[in-house]
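What follows is a single structure, written as structure tokens, with notes after it.
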Amino acid sequence: MNVCAGPKSWEKRWGSDKAVMEELEGRPVWSLDLTFMHTLLRLGHEFGEDRQAKLGKKIDGTELGWRLGATLSMIGADLTCRA
């Protein structure tokens, strides 16, 4: 994962995007957050590796939080607890 590889990897992948670089430098917990999200999607909700998911901070100026479960439920995803 590029984010977890650190600043050299960030520069190589997103160096031309100042906003992305500032976000990564300003929040060192991105690697932990993304690892959790990936694991939740893959194991908890059984998303395939080929399924794309995009992260966002705002929609039409409204701040988003990490509300995956509620979002999946609203779009009619089949949720099954596999614990």
Side-chain angles (χ1 to χ4, degrees):
M1 186 178 292
N2 292 308
V3 172
C4 297
K8 288 183 182 178
S9 176
W10 306 343
E11 185 65 38
K12 187 176 180 180
R13 176 131 173 129
W14 300 289
S16 62
D17 190 328
K18 186 177 178 180
V20 171
M21 294 300 291
E22 287 176 0
E23 179 69 25
L24 290 169
E25 291 165 356
R27 282 202 65 230
V29 296
W30 265 114
S31 183
L32 177 63
D33 290 353
L34 291 171
T35 300
F36 170 76
M37 291 178 211
H38 181 263
T39 302
L40 181 62
L41 290 169
R42 290 282 293 138
L43 301 178
H45 298 294
E46 297 182 349
F47 276 34
E49 284 289 338
D50 58 336
R51 177 112 183 233
Q52 286 191 356
K54 294 183 180 185
L55 300 177
K57 293 186 101 175
K58 291 183 179 184
I59 294 178
D60 291 333
T62 301
E63 192 75 28
L64 299 173
W66 180 246
R67 308 286 187 253
L68 178 63
T71 303
L72 291 172
S73 180
M74 289 174 60
I75 64 171
D78 182 22
L79 301 174
T80 303
C81 180
R82 303 193 41 94

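Residue numbers start at 1 and run along the sequence shown.
Applying the side chain to side chain donor-acceptor pair (under 3.5 Å) rule to Glu49 yields the partners Arg42; only residues at least two apart in sequence or on another chain are considered. With sequence neighbours excluded, the residues that form a side chain to side chain donor-acceptor pair (under 3.5 Å) with Asp33 are Arg27. With sequence neighbours left out, the side chain to side chain donor-acceptor pair (under 3.5 Å) criterion links Glu23 to Trp30, Lys57. For Ser16, there are no side chain to side chain contact (heavy atoms under 4.5 Å, CB included) partners, not counting sequence neighbours.
Side-chain contact between Val20 and Trp10: absent, with no pair of heavy atoms (C-beta onward) separated by less than 4.5 Å.
Sorted by first then second residue, the salt bridge (charged side-chain N to carboxylate O under 4.0 Å, His left out) pairs that include residues 9-19, not counting sequence neighbours, are Lys18-Glu22.
Note that CG of Leu34 and OG1 of Thr39 are 10.5 Å apart. Values are rounded to the nearest 0.5 Å.
Ser31 and Val3 make their closest contact through N-CG1, 3.9 Å (heavy atoms, listed as atom of the first residue, atom of the second, distance).
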